[in-house]
Amino acid sequence: MKYEIIEDVRKCRRVVETLMEEEVISCDAEGINLGKDGPLTLLQIATIDGHVYLFDIHKDKRMFQDGGLKQLLENDHVLKVFHACSGDSEALKHQFGVSLRNVFDTQVAHMVILEEQGRLIPPRLKLEEICEIYGINKMEAKDDMKKKWNKTVPDYWGHRPLTKEMIDYACEDVTILVPEIYENQLRQLKSLDAMELFRERVEETINYKLDPELKKTRRERMENAGKKVLREMGRKYRTPVSYGNLTDEDEKAALDRNWSHEDIELSMTHVVQNIFYDAFLKVLRELEKEMDQDGDDFNPIVNYYYALCKGKTYARPNIKELATNLYNRFRQIISNDIVNKYNTETPLYFLRDQERAIIKDIRIKNARDKSKYHSLLVHFHYKLNEEDFKEFEQNLVNNPSKVTVTKGFYTFLGYQTKESYVPANVRHAATRLKQAIDRAGKNPFPPRPPRTRRYDYGYDDYDY
C-alpha cells in the first residue's frame with residue numbers, strides 16, 4: 001500500500017495540483033466524534049491506482065483554505081467517491097466552509113439500485129456490508145477499534161504521531177471504494193437509468209444534516225414507506241405468523257423501525273402488532289444477552305438507546321418491563337463510561353449522542369438532587385443546558401418565525417434563572433434567553449391583566 005502523510009500547506013498545494021488532474025478520487029475523514037463541532041483531524045484521499053494521501057488536519061488546519069483542499073472538494077470536474085458522506089459534509093461545512101460537490105456516495109448508490117429493483121425500504125448499509133456484497137474483504141478489526149475510541153480513548157483520532165493501526169484503518173477506508181465498488185455501482189445505476197434519482201439522493205445526503213427541513217422531508221419519506229408496507233401486511237396476513245417466517249425484506253425492514261405506540265395502534269392490524277412485538281421482544285432479549293456477556297465492556301451505541309426509549313412506552317407489560325430494566329442498565333454503563341474517560345476539562349463535542357441523551361435525562365429540581373449523581377455528570381448536565389440555551393437564543397434571533405416556546409420549557413427556564421443551586425453561568429444564559437423570548441413576543445403564557453388597586457375614601461353611597 002502506497003501512502004503519503006501531508007502535514008504542511010506547501011506540500012498540500014503540490015499534492016492538490018496533482019489530484020486536480022484526476023477524474024475520480026475516493027475520500028473519507030476521521031475526527032473526534034466527527035460532526036458539526038467534533039473536530040475533523042484527518043482527511044484521506046486515494047487515487048484509482050491505489051495511492052493514498054493522508055492530510056493531517058490536526059497538524060495544520062490551513063490546508064483547506066491555503067493548501068487547496070477546499071478548491072478540490074468543491075471542484076465540479078473531479079468526482080469524489082465517499083461512503084455515507086453526511087457526517088463528513090457536516091464537519092467540512094461547519095468547520096472549514098467546504099460545500100461538497102460532484103460526489104458519488106456508495107451507500108446511496110446501493111440504496112437507489114435496490115429501490116429501482118423494487119425495494120420500498122432499502123437498507124442503509126455500513127461500508128463493511130457493502131464490501132461483503134461486492135466480494136471485497138474488509139479489515140476484521142474495525143469494530144474493535146471503534147469500540148476502543150467509544151469506550152476508552154475518545155480522542156483516538158487526535159493522537160499524534162499517527163500509528164500503523166491508524167494509518168492502515170484510514171487508508172483502507174478509501175482504497176476499498178475505488179475502483180471496484182464505484183465502477184460496479186456506476187454500471188448498475190446506468191443500466192437501470194437511475195442516475196438522475198441517484199444525483200438527487202446524493203445531494204440530499206450531502207445537505208440533510210445542514211438543513212432541518214431536508215432532514216424532516218427525508219424522515220417523512222422513510223416513515224411513509226414503512227407505513228405503506230405495514231398496511232399491505234395488514235391485508236396480507238389474516239392469521240398469526242412469526243417474524244422468522246417472513247421472507248419479504250421490506251416487511252422485515254418496516255417491522256425493524258422504532259415505531260411509536262401511536263403508530264403501532266394506527267398503522268398495524270392486531271396480527272401485525274403481534275409480529276412486531278414478538279420481533280421487538282427478541283431484539284430486547286438478544287441485547288440483554290449481549291449486555292450480560294460483555295458486562296462493563298458492553299459498547300452502548302445510540303440505536304440501542306432509541307429502541308429502549310420506545311420500548312418503555314409500549315403497551316405490552318413484558319416488553320415495557322424488560323425495556324425499562326435494560327434502559328436502566330444501559331444508562332448506568334454510559335454513566336460509568338463518562339466518568340471513566342472524561343473530566344471537567346473535556347469539551348462538549350466529545351460527548352456522543354447517547355451520552356448527551358443520558359445526561360439530559362438527569363432531573364435536578366433542588367440542591368439535594370445534585371447529590372444523587374456523580375459530580376462529573378452534574379457538570380456536563382449544566383454545561384449542556386448552557387449550550388442549549390445559547391443555541392436556542394441564536395435560533396430565536398436568526399429564525400424567530402420557526403421557533404416555538406412551550407409552557408413547560410418556559411417554566412423550566414424560569415427556575416434556571418433564579419435557583420441558587422444552578423451555576424451562575426447557566427443562570428446568566430437562562431436569563432438572556434428568557435429576556436429574548438419575552439422581547440420576541442414568544443412567551444407562551446397569556447399576559448396577566450394589570451392589577452388595579454381599590455381605594456376606600458370612607459364615603460357612604462349617597463345620591464347627590
Side-chain angles (χ1 to χ4, degrees), residues 1-32 34 39-64 67-75 77-85 87-89 91-92 96 98 100 102-107 109 126-128 130-131 134-142 145-146 149 156-186:
M1 177 176 57
K2 298 175 293 183
Y3 72 89
E4 192 173 347
I5 300 175
I6 293 89
E7 299 180 333
D8 62 81
V9 169
R10 182 178 299 178
K11 188 174 181 180
C12 182
R13 283 201 204 99
R14 292 201 302 269
V15 172
V16 167
E17 286 178 7
T18 301
L19 292 173
M20 283 289 192
E21 298 175 3
E22 300 284 335
E23 291 185 7
V24 179
I25 58 177
S26 58
C27 308
D28 191 29
E30 309 297 345
I32 301 172
L34 186 65
L40 187 156
T41 61
L42 187 71
L43 181 73
Q44 309 102 274
I45 296 180
T47 58
I48 288 286
D49 63 3
H51 194 102
V52 181
Y53 298 96
L54 302 176
F55 297 90
D56 193 347
I57 309 303
H58 190 64
K59 287 282 186 70
D60 195 339
K61 295 178 174 59
R62 298 175 302 159
M63 282 193 276
F64 279 102
L69 286 177
K70 182 178 189 294
Q71 181 184 2
L72 174 65
L73 294 174
E74 294 181 343
N75 186 279
H77 303 293
V78 181
L79 182 69
K80 279 74 68 176
V81 181
F82 281 83
H83 180 83
C85 71
D88 299 331
S89 174
L92 288 166
F96 304 102
V98 174
L100 286 177
N102 197 16
V103 168
F104 187 102
D105 190 306
T106 55
Q107 184 185 70
K126 299 177 182 178
L127 180 55
E128 295 91 325
I130 293 287
C131 291
Y134 291 96
I136 299 173
N137 293 327
K138 197 78 172 79
M139 184 163 55
E140 295 181 359
K142 287 257 179 180
M145 289 178 63
K146 290 177 181 178
W149 69 68
Y156 180 86
W157 287 106
H159 288 195
R160 292 299 182 272
L162 293 169
T163 64
K164 182 179 184 304
E165 180 184 61
M166 298 166 80
I167 292 170
D168 289 346
Y169 183 106
C171 288
E172 188 176 38
D173 268 1
V174 283
T175 56
I176 212 158
L177 294 175
V178 292
E180 288 88 357
I181 293 177
Y182 158 67
E183 291 179 351
N184 193 319
Q185 290 183 331
L186 179 63

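The model shown is predicted, which means the values in this text are computed figures rather than measured ones.
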Taking all non-hydrogen atoms of both residues into account, name the closest pair between [X] and [Y] and its distance.
X      : Y     : answer
Ala84  : Asp88 : O-OD2, 4.4 Å
Gly67  : Cys12 : O-SG, 3.4 Å
Leu34  : Ala91 : CD1-CB, 3.5 Å
Glu30  : Asp28 : OE2-OD2, 3.2 Å
Ala29  : Leu43 : CB-CD1, 4.3 Å
Leu127 : His83 : N-NE2, 3.2 Å

Are [X] and [Y] close enough that some pair of their side-chain heavy atoms sits under 4.5 Å apart?
X      : Y      : value
Ile45  : Leu72  : yes
Ile57  : Met63  : yes
Val78  : Leu19  : no
Thr18  : Thr47  : no
Tyr156 : Met166 : yes
Lys11  : Glu4   : yes

My understanding is that only residues two or more places apart in sequence, or in another chain, count here; which of them pass salt bridge (charged side-chain N to carboxylate O under 4.0 Å, His left out) with [X]?
X     : answer
Arg13 : none
Glu7  : Lys59
Lys80 : none
Arg14 : none

Nearest-0.5 Å distance, [atom1] of residue [X] to [atom2] of residue [Y]:
X      : Y      : atom1 : atom2 : result
Ile48  : Glu23  : CD1   : CD    : 9.0 Å
His77  : Asn102 : NE2   : CG    : 9.0 Å
Leu79  : Glu22  : CG    : CD    : 11.5 Å
Thr163 : Glu165 : OG1   : CD    : 5.5 Å
Leu42  : Asp56  : CG    : CG    : 6.0 Å

Worked verdict on Val15 versus Phe55 for side chain to side chain contact (heavy atoms under 4.5 Å, CB included) = CA-CA 10 Å; Val15 172; Phe55 297 90; 3.7 Å; yes
State which residues pass ring pair (Phe, Tyr, Trp, His ring centres under 6.0 Å) with His51; sequence neighbours excluded, sorted by chain then number.
-> Tyr53
Kindly say whether Gly158 contributes a backbone atom to a donor-acceptor pair with the side chain of Thr41 at under 3.5 angstrom?
-> no
Show the numbers, then the answer: is there a side chain to side chain contact (heavy atoms under 4.5 Å, CB included) between Leu100 and Phe82?
-> CA-CA 11 Å; Leu100 286 177; Phe82 281 83; 4.0 Å; yes
Please report the C-alpha distance between Leu69 and Phe96 in whole Å, then the side-chain angles of each, then the deciding distance to 0.1 Å, and finally whether the side chain to side chain contact (heavy atoms under 4.5 Å, CB included) criterion is met.
-> CA-CA 10 Å; Leu69 286 177; Phe96 304 102; over 6 Å; no
With a 3.5 Å cut-off and sequence neighbours excluded, list the donor-acceptor pairs that the side chains of residues 174-185 form with protein atoms.
unit_1	atom_1	unit_2	atom_2	d
Thr175	OG1	Cys171	O	3.1
Asn184	OD1	Gln188	NE2	2.9
Gln185	NE2	Thr106	O	3.1

Taking atom NZ of Lys70 as the centre, report whether more than 12 heavy atoms of other residues, nucleotides or ligands fall under 6.0 Å from it.
-> yes
For atom OH of Tyr3, is the number of surrounding heavy atoms from other residues, nucleotides or ligands below 6.0 Å larger than 12?
-> no
Taking atom types as modelled and ignoring hydrogens, do the side chains of Gln44 and Tyr169 form a donor-acceptor contact shorter than 3.5 angstrom?
-> no
NZ/NE/NH1/NH2 to OD/OE distance under 4.0 Å, Asp8 and Arg10 = no
Under the side chain to side chain contact (heavy atoms under 4.5 Å, CB included) rule, what do Gln71 and Val16 come out as? Steps first, then yes or no, please.
-> CA-CA 9 Å; Gln71 181 184 2; Val16 167; 5.5 Å; no
